[in-house]
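The first residue of the sequence shown is numbered 1, and numbering continues consecutively from there.
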Amino acid sequence: MSLYNERIDVRSTTGGHPAFFAWRGGTYRVRRVIGTWTSPGDPAPGGGHATATDLQLIRVAAESDRGEPSVADITRDPATDDWTLRRIWD
């Protein structure tokens, strides 16, 4: 397992989850979503609920364009629609 925290290009989504993503010159196809979580951002002023800075964490089983399987943790920032590859298990 390696920790990266690098931006990725999500090519298409299915139900709000990545179907394909590009990272370091390779393309990965998402075979299945293993789980999803929401990481709370900073609390809202006055002790309110979740803010727009919440991150969505998605753990996926993916396959590289060379057919190599892996598991990856991907995050999406709903405020900016930026996607990040957090970690990958080869």
Side-chain angles (χ1 to χ4, degrees):
M1 188 267 309
S2 297
L3 183 63
Y4 292 102
N5 286 326
E6 294 178 13
R7 294 263 324 258
I8 58 173
D9 179 27
V10 173
R11 300 278 170 94
S12 64
T13 60
T14 302
H17 299 132
F20 292 90
F21 63 91
W23 176 64
R24 291 189 173 183
T27 301
Y28 293 78
R29 180 169 65 106
V30 174
R31 306 282 294 173
R32 71 182 176 97
V33 173
I34 297 169
T36 61
W37 301 267
T38 300
S39 171
D42 296 328
H49 291 287
T51 67
T53 59
D54 291 352
L55 293 178
Q56 180 183 22
L57 173 69
I58 306 165
R59 181 166 290 164
V60 299
E63 183 177 83
S64 74
D65 47 9
R66 295 178 306 275
E68 298 165 340
S70 60
V71 173
D73 285 349
I74 298 169
T75 60
R76 178 182 168 268
D77 183 343
T80 61
D81 203 32
D82 288 339
W83 292 85
T84 303
L85 177 70
R86 289 294 178 105
R87 58 183 77 105
I88 193 164
W89 291 265
D90 294 322

Would you indicate whether the side-chain heavy atoms of Arg11 and Thr27 approach each other to under 4.5 Å? yes
Quick check for you: to the nearest 0.5 Å, what is the distance between Thr14 atom OG1 and Phe20 atom CZ? 8.5 Å
dist Glu68:CD -> Tyr28:OH (nearest 0.5 Å) comes out at 7.5 Å
Looking only at heavy atoms, which two atoms of Leu3 and Arg86 are closest? And how far apart? CD1-O, 3.2 Å
From Thr13 OG1 over to Arg76 CZ, what is the distance, rounded to the nearest 0.5 angstrom? 8.5 Å
Just verifying a value: how many Å separate Phe21 CZ and Arg29 CZ, rounded to the nearest 0.5 Å? 12.0 Å
Work out which heavy atom in Gly26 is nearest to a heavy atom in Asp65; give both atom names and the distance. CA-OD2, 3.8 Å
Minimum-distance pair of heavy atoms, taken over all atoms of Leu55 and Pro78: CA-CD, 4.4 Å
What's the spacing between Arg7 CZ and Thr75 OG1 if we round to 0.5 Å? 10.0 Å
What's the shortest heavy-atom distance between Ile58 and Pro18, and which atoms? CD1-CD, 3.8 Å
Do Trp89 and Ser70 touch side chain to side chain, with heavy atoms closer than 4.5 Å? no
Evaluate the side-chain proximity of Thr36 to His17: yes if any heavy-atom separation is below 4.5 Å, no if none is. yes
Tell me whether Val33 shares a hydrophobic cluster with Val10, the cluster being built from Ile, Leu, Val, Met, Phe, Trp, Tyr side chains joined at under 4.5 Å. yes
Closest non-hydrogen atom pair, Asp77 against Asp54: OD1-O, 4.4 Å
Closest heavy-atom pair and its distance - Gly16, Trp83: O-CH2, 3.7 Å
Inter-residue atom distance Asn5.CG - Thr84.OG1, 0.5 Å rounding: 7.0 Å
Return the orientation label for the Trp23 and Tyr4 ring planes: parallel under 30°, perpendicular over 60°, tilted otherwise. perpendicular
